[in-house]
Amino acid sequence: MSDDASTRTALVTGGARGIGAAIAHRLSRDGFAVGVVDLDEAGAVATAEAITAAGGRAVGVGADVADEARANAAVATVTDRLGPVLALVNNAGVIRDNLLFRMSVDDWDTVLGVHLRGAFLMTRAVQAQMVEAGWGRIVNLSSTSALGNRGQVNYAAAKAGMQGFTKTLAIELGRFGVIANAIAPGFIETEMTRATAARVGADFDAWAQAAAQEIPVGRIGRPDDIAGVASFLCSEDAAFVSGQVIYVAGGPKD
Ligand code: NAP
C-alpha cells in the first residue's frame, strides 16, 4: 500500500453540514477521495459537489446510518464509485435533549441508535476493506457530554459509549494496521448548537459569548478545529496512536 493518501478513500457520515462537512473538505485537501453520507441526501450531494468544484474527488450518498441495509448500501456505493474505504469518520449525530423524567423511549432509542448503532454498522461494513489493505483509520465523534451533561442522559450515554467502542476497535483491529481514535469536541458552532440555543430560548451569540468566557482559550470552537484533528488521525503520522480520546474543547477535560 502506498503512503499517498490520493490512492485512498475516506467516508464521512453526517457530512452534509457542520463538523462532518468540514472534515470531508479537509480530508479531500489531504488527498483522499471522499464519500459523504448523510440522512440529508441533497446536503451530502452538495458537499460532494463543493469538494469536486475545489478539485477533489467525492460522491454524496443519502442514507440513515442506523439502518443496516442502508448503511451497507452506502458503503457499497462509495466503494464502487471511489474504491475501498480506508478511512471512516463516524460523525453523524442527533440530539433529543430532555431531563430524565421527561425523556421518551423514542428519544433515548433515536440518539443511541444514530450514534452507537450507526457507528457499529458503518464500521462493520468497512472493516474488511481496511483489513485486506493492511491499513485503516477510524475516527469516532464523542463529546465532552460523555462526562455527563444535564438534559442529555441519552446523548451522554451514547458519547461515552463511543469511547468504549473506539478502544475496543483499537484492540481488535490494531494488528491489521487499523487504528481507531475518538475526538470529543466541546462547544462547536454548528446547526446542532444553534438548535440547542433556540430550544432553551437563548440568543445564540449571547449564549456563545458566555460559554467562551468559561473556555480557557477564550472562544468557542469552529468545525475546522475538529477537522484538523481528524486530518491528523487519518494521516500516516498517527500510525502509533490508537484507542485514544482527544478532547478538543479549548481546555482540559477529565
Ligand atoms: P449537525 O450540524 O447537526 O450535523 C449532523 C449531521 O448528521 C446532519 O447533516 C444530520 O442530517 C446527520 N445525521 C443525523 N442523523 C443521521 C443518520 N441517522 N444517518 C446519517 N446522517 C445523519 O451536527 P454537528 O454539530 O456538525 O455534529 C457532528 C458530530 O459532532 C455529532 O456526532 C455530534 O454529536 C458531535 N459533536 C458536536 C458538538 C458541537 O458542539 N456541535 C460537540 C460535541 C460533539 P440531518 O440534517 O438530515 O439531520
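All ligand and atom numbering here is 1-based and tracks the order in the structure. A quick note: this is a predicted structure, and the numbers were derived from the prediction, not measured.
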Looking only at distance, does D64 have an N or O less than 3.5 Å from an N or O of ligand 1?
-> yes
The side-chain hydrogen bond (donor to acceptor under 3.5 Å, both in side chains) partners of N181 (sequence neighbours excluded) come to none
Within one Ile-Leu-Val-Met-Phe-Trp-Tyr cluster: V89 and M162, side-chain cutoff 4.5 Å = no
Heteroatom distance test (R17, ligand 1): nitrogen or oxygen, under 3.5 angstrom = yes
Closer than 4.0 angstrom: is that true for some heavy atom of T13 and an atom of ligand 1?
-> no
Evaluate the criterion salt bridge (Lys or Arg N to Asp or Glu O under 4.0 Å) for residue pair E68 and R117; output intermediate values, then yes/no.
-> CA-CA 9 Å; E68 183 178 11; R117 181 183 160 96; 5.4 Å; no
Atoms of ligand 1 close to G18 [distance to a heavy atom under 4.0 angstrom, numbered from 1] | 26 (O)
min-distance protein heavy atom vs atom 28 (C) of ligand 1 -> N91 OD1, 3.1 Å
Taking only heavy atoms of P185 into account, list the atoms of ligand 1 that are under 4.0 Å away from them.
-> 42 (C), 43 (C), 44 (C)
Could you tell me whether R81 atom CZ has more than 12 heavy atoms of other residues or ligands within 6.0 Å of it?
-> no
Considering only the protein, which heavy-atom contact is closest to atom 21 (N) of ligand 1, and what is its distance?
-> L39 N, 3.1 Å
If we only count N/O pairs under 3.5 Å, is V114 in contact with ligand 1?
-> no
May I ask you to identify, for I19, whether its side chain, its backbone, both or neither come under 4.0 Å of ligand 1 on a heavy-atom basis?
-> both
For atom 38 (C) of ligand 1, which candidate among G186, G93, A92, A71 holds the nearest heavy atom?
-> G186
Mind running side chain to side chain contact (heavy atoms under 4.5 Å, CB included) on I188 and I226 for me, showing each step along the way?
-> CA-CA 9 Å; I188 310 296; I226 307 304; 3.8 Å; yes
D203 side-chain N/O to A206 backbone N/O, donor-acceptor pair under 3.5 Å | yes
Ligand 1 contact on H115 by region, counting heavy-atom pairs under 4.0 Å = side chain
Just by distance, with hydrogens left out, do S231 and R26 show a side-chain donor and acceptor under 3.5 Å apart?
-> yes
S242 to A180 - nearest heavy-atom pair and separation | OG-N, 3.1 Å
Contact partition for S145 relative to ligand 1, non-hydrogen atoms under 4.0 Å | neither
Atoms of ligand 1, numbered as shown, that sit under 4.0 Å from any heavy atom of G14 = 6 (C), 7 (O), 12 (C)
V65-ligand 1 polar pair, N/O distance under 3.5 Å = yes
Near-ring test Y155/W108, centroid separation under 6.0 angstrom = no
Under a 4.5 Å side-chain heavy-atom rule over Ile, Leu, Val, Met, Phe, Trp and Tyr, are V59 and V37 clustered together?
-> yes
Any atoms of ligand 1 less than 4.0 Å from a non-hydrogen atom of A63? List them with their elements.
-> 19 (N), 20 (C)
May I ask you to check whether F187 has an N/O atom sitting below 3.5 Å from an N/O atom of ligand 1?
-> no
Can you sort out which atoms of ligand 1 are near A16, meaning under 4.0 Å from one of its heavy atoms?
-> 9 (O)
Report the distance from atom OG1 of T166 to atom CD1 of I246, rounding to the nearest 0.5 Å.
-> 11.0 Å
Determine, step by step, whether D225 and R219 satisfy the salt bridge (Lys or Arg N to Asp or Glu O under 4.0 Å) criterion, reporting the C-alpha distance in whole Å, the side-chain angles of both residues, the deciding distance to 0.1 Å, and the verdict.
-> CA-CA 12 Å; D225 292 319; R219 66 168 176 84; 2.8 Å; yes
Is it the side chain (CB and beyond), the backbone, both or neither of P223 that lies under 4.0 Å from ligand 1, heavy atoms counted?
-> neither
Of the protein's non-hydrogen atoms, which lies at the shortest distance from atom 15 (N) of ligand 1, and what is that distance?
-> V94 CG1, 3.5 Å
Does S142 come within less than 4.0 angstrom of ligand 1, counting non-hydrogen atoms of the residue?
-> yes
Atoms of ligand 1, numbered as shown, that sit under 4.0 Å from any heavy atom of T193 | 39 (C), 40 (O), 41 (N)
W135 six-ring face occupied by R8 cation (under 6.0 Å, within 45°) | yes
Please name the pair of heavy atoms, one in I183 and one in A230, separated by the smallest distance, quoted to 0.1 Å.
-> CD1-N, 3.6 Å
Would you say Y155 has any N or O atom under 3.5 Å from an N or O of ligand 1, going by distance alone?
-> yes
Which pair of non-hydrogen atoms, one from V65 and one from A71, has the smallest distance, and what is that distance?
-> O-CB, 3.8 Å
Where on I188 is there a heavy atom closer than 4.0 Å to ligand 1, on the side chain, on the backbone, on both, or on neither?
-> both
Top protein contact for atom 24 (P) of ligand 1, by heavy-atom distance = T190 OG1, 3.6 Å
Before signing off on this row, confirm whether D38 and ligand 1 have an N or O atom pair separated by under 3.5 Å.
-> yes
